[in-house]
Structure formats: structure tokens, C-alpha cells
Amino acid sequence: MKKLYFNYLNTFKGLSNEVWWLSLITLINRAGTMVIPFLSLYLTKSLHFTLKDVGWIMTCFGLGSVLGSWLGGKLTDKIGFYKVMKTSLFLTGLLFIALQFVNTFAGFCIGIFLVMLVADTFRPAMFVALSTYSKPENKTRSVTLIRLAINLGFSAGPAVGGLIITSLDYSGLFWVDGVTCILATVLLVNVLNPKKAKALDETKVENPQSVFSDKAFWVFFVGMFIFGFIFLQYFSTMPLYYKDVHHLTELEIGLLMGLNGFFIFLLEMPLIKWLEESKYTKEFLMFFGLLLTGLSFVVINLTGWVGILIVGMLLMTIGEMIAFPFSNAFVMERAKKGNQGEYMAYYSIAFSMSHIFGHNSGMQLIDNIGFDNTWNFMIVLSGIGVLFLLMLVRIVKREKVIA
């Protein structure tokens, strides 16, 4: 056990102080966005909006996210990641505090669109910062550390949010969200100011290649959109399947969903370190991650045995643990010949688009063709995604031969 413990700690070695600070800022920021999981409850119970209204508000949420990611990439390339991150965090804090005073449907659509527009400019800037503060050989593990921070934030956020709602009502949630974003800004200014922070991999491209002329990137983009589309089913439609078909209680559903975060926290960093040292390419590992995620839908359709749900969750979690860090590292590497902000923006947009279409499409499919056929649809879709990533493997291999 002692050896395992020290081996686990060793997987975190070699990461720069700046990456650790960036992870802490991300943790505070993600734990702070605790209003998001309770948004539909707040809109229906406190503001008495209909489910149709909530659907349109969530569409505005997704559109703000897409535009924010694009704008964040453009601004990062023009004024640098530090200014974008600092401004985004501070303004997001103020907007969260202001959002609690909006109580009309049109006002909330505009309000949530603006919140996400400003909040998601942070993402491309953060990825460029991560690339800058990481040595080339540590980039995938640096991404993994950020993912651990995001997962911890998402795990802690809803639990703390539930306590705040119980003691302070929903208005307390908006105040805490806003204040945590502003605190994250203060931390950012103190520890990642360009005068203090040390850049380890700053790439300046004289004649940057446009992301639009990068064929391999757009094949990758489609593969990641499909991956995001089927992955998000585990956080929207799958809980309904657990309850309606397998009759699990809320507690059992919570424990099953908690397995995802627990295994990521425990195994992702050692797994990534081991895979980094293997002979497999990033493109192949992304393909394998999507394949495992698709297989998770295959197994749950094989039998009505309740234990198969754990098998499905484990397959999806391993697929996620492999696909996300290596896809991020792939874009960081690819961005070195173009504008980093632009590349990171479109990487973020692939997942923002998955949010716009994934949740709603999954719900509509379940309503029209039932759970089993919906999972069959996801299996076919994952097969298409796998073909795109296999195409990516061949394109990159051809590029290396030509080079």
C-alpha cells in the first residue's frame, strides 16, 4: 500500500507551480458555478417558468457558451490569456450576483446568455495558459490535473449548493457564486501575474496557419462533437433510465454517478502517466476512448441485470479518462503552427455544441422511441465517431511521413 501511495504521488511530480495555481483557480471557479445544477429547479420553483421556457433558457445558455468560447479564443490571441482570464472571472462574478434580480423570461434569457458569454471566454484562455506553463513532456498530465480540479469542483459545488439553498435560499447561491469568482480573480492576480509567473513553453508563430485550413483538426472536431454528444447522455438521459427502468432511488443514482468522479480522482493521473510512456499515439488513444464510451451503451442493452449499470459506468469513465486529456494535448500540439487561442476556442466549441444538441436530442429520442432504441442510436453514432477518429489516425500518420 505504501508503494502504491508513493507511486501515485510520483505521477504528480514535475508539474510547474503555475499549473498547480491554475488548477486551484479552476477548482474555485468550478465549485463556484454551483448555481448551474440547480438552475432548472430555480426557474420552475422560484420563478414559476414552464418547462418549455426552461428549454429556451437552456438554449440561450448553450449559445452564450459557444459565442463565449469563440470570443475567448479571439481575445486570447489579441491581448493574451492573462487579461482574458482576469476580466472573465471578475465580470462573471458581478453578472452572477446581478442575475438573481432578473425575474422575467426575456430578461433571464438575455441574462444567462451574457453570463455564459463572459464565463466561457475563460476556457480557451485557460488552456493557452496551461500550455504556456507546462513543459512539452508534461502537457497531458497538466491537462489531467486541471480535469481533477474541475471534477472536484463539480462534485463539491452541488453538495455545498444544496446546503446554501437550505440555509440561505436561492439568492444565497447567486451571491456565493459571484463572490467565489471574484476571489478566484484576486488569487489569479497574485499568483499568475506575467511579472511573477514563469512561462515554460511560449510559442510565437510569425505566419500562423488558420485553423480552417487544418483538415486533420476538423476531422478531430467532428469526432469530439460526437464523443461529447454521447458522453453527455450519462448526465441527462441516463439518470432517467436508472430511475424509470431499473427503479433506482435518488441515493442509488447519486452513488452510481459518484463512481465516475471517484474513479477519475483515483485512477486518471496514474493511467495517463502510464499511457504517455506507452507506444500509443494521441490519435489512437482518442479513438480507443470513444470506442469504450460507445461500448458502455452496448453492454446496458445486453441484459436487464442491474449490475450491468456499474459495468457501463466504468466503461464510460475509462473512455472519458483517456479521451479528454489526450484530445486536449492533441489540440495544444496542433495549435503551435497557428493561433493558440483560435484552436482552443474551436476545441471548446465542439463540446459547447454537444451541450446544445446532446441533452435535448436525448430527451426527444427517449420520448419518441424509448430507452433501448435511444441507446442503439448512441451506439450507431459512436460508430460514426470512431470512423472519424480512425480517419484522423491515418491523416496524422500521412502528415508525419510527408514531414
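For the pair Phe217/Val331, a side-chain contact is recorded, criterion being any heavy-atom separation below 4.5 Å from C-beta on. Side-chain atoms of Leu188 and Leu89, non-hydrogen and from C-beta on, do get closer than 4.5 Å to each other. Contact of the Ile300 side chain with the Met238 side chain is registered, since non-hydrogen atoms from C-beta on lie closer than 4.5 Å. Lys397 has its side chain out of reach of Glu283: every pair of non-hydrogen atoms, C-beta onward, lies at least 4.5 Å apart. A 4.5 Å side-chain heavy-atom check between Phe108 and Asp53 finds every atom pair outside the cut-off. Contact check for Leu309 versus Leu248: side-chain heavy atoms found under the 4.5 Å cut-off. The shortest distance between side-chain heavy atoms of Met126 and Ile146 falls below 4.5 Å. Within the 4.5 Å cutoff, side-chain heavy atoms of Ile226 are placed close to those of Ile384.
The aromatic ring centroids of Phe326 and Tyr280 lie 6.0 Å or more from each other. With ring centers used as reference points, Trp375 lies under 6.0 Å from Tyr241. Ring to ring, Phe212 and Tyr346 are close: their centroids are under 6.0 angstrom apart. In summary, the aromatic rings of Phe324 and Phe231 are positioned with their centroids under 6.0 Å apart.
Nearest heavy atoms, Leu22 versus Thr26: O-OG1, 2.8 Å. Here the shortest heavy-atom pairing between Met286 and Ala323 reads CG-O, 4.2 Å. In plain terms, the two heavy atoms of His247 and Glu252 that are nearest each other are O-OE1, 4.4 Å. Contact record, Ser69 with Ser348: OG-CB, 3.6 Å, taken as the closest heavy-atom pair. For the residue pair Ser352 and Val66, the shortest heavy atom distance occurs at CB-CG2, 3.5 Å. Between Thr92 and Ala119, the shortest heavy-atom distance links the atoms OG1-CA, 3.3 Å.
Atom-to-atom distance recorded for Leu75:CG and Met85:CE is 14.0 Å, nearest 0.5 angstrom. One finds the CG atom of Leu365 at 4.5 Å from the CD1 atom of Ile369 (value rounded to the nearest 0.5 Å). To the nearest 0.5 Å, atom CG of residue Asp367 and atom OG1 of residue Thr374 are 9.5 Å apart. Here the straight-line distance linking atom CG of Leu192 with atom OH of Tyr82 works out to 8.0 Å at 0.5 Å rounding. The line from CD of Glu276 to CG of Leu271 is 10.5 Å long, rounded to the nearest 0.5 Å. Expressed to the nearest 0.5 Å, how far CG of Asn260 lies from OG1 of Thr317 amounts to 4.0 Å.
Judged purely by distance below 3.5 Å, without hydrogens or angles, the side chains of Ser142 and Ser134 pair a donor atom with an acceptor atom.
Shown here is Phe90, whose CZ atom has no more than 12 heavy atoms of other residues, nucleotides or ligands within 6.0 Å. In this structure, Trp218 places its CH2 atom where more than 12 heavy-atom neighbours from other residues, nucleotides or ligands lie under 6.0 Å away.
In this structure, Gln233 contributes its side chain and Phe229 its backbone to a donor-acceptor pair below 3.5 Å. Here the side chain of Thr132 pairs a donor or acceptor atom with the backbone of Val128 at under 3.5 angstrom. With hydrogens and angles ignored, the 3.5 Å screen pairs a side-chain donor or acceptor of Ser278 with a backbone N or O of Leu275.
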Tyr133/Phe81 under ring pair (Phe, Tyr, Trp, His ring centres under 6.0 Å): CA gap, chis, key distance, verdict: CA-CA 12 Å; Tyr133 295 134; Phe81 60 80; 5.6 Å; yes
Given side-chain contact (heavy atoms from CB on, under 4.5 Å), test Leu130 with Met332 step by step and report yes or no. CA-CA 9 Å; Leu130 185 66; Met332 283 181 184; 3.4 Å; yes
Verify side-chain contact (heavy atoms from CB on, under 4.5 Å) between Ile57 and Phe105, making sure each step is shown before the conclusion. CA-CA 8 Å; Ile57 288 168; Phe105 169 67; 3.9 Å; yes
Going through the checks in order, is the side-chain contact (heavy atoms from CB on, under 4.5 Å) test met by Trp175 and Ile97? CA-CA 5 Å; Trp175 277 107; Ile97 291 168; 3.6 Å; yes
What do the steps show when you test Phe351 against Ser65 for side-chain contact (heavy atoms from CB on, under 4.5 Å), and what is the final call? CA-CA 10 Å; Phe351 293 104; Ser65 176; over 6 Å; no
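Classification of the Phe288-Phe284 ring pair by plane angle, with boundaries at 30° and 60°, yields parallel.
Tested against Val219, the residues Asp214, Leu392, Leu387 include a single side chain to side chain contact (heavy atoms under 4.5 Å, CB included) partner, Leu392.
Listed by first and then second residue, the side chain to side chain donor-acceptor pair (under 3.5 Å) pairs that reach into residues 299-312 are Asn301-Asn376, sequence neighbours excluded.
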Show me the donor-acceptor pairs within less than 3.5 Å that the side chains of residues 290-297 make with the rest of the protein, sequence neighbours left out.
residue: Thr293; atom: OG1; partner: Gly289; partner atom: O; Å: 2.9
residue: Ser296; atom: OG; partner: Tyr234; partner atom: OH; Å: 2.9
residue: Ser296; atom: OG; partner: Thr293; partner atom: O; Å: 2.5

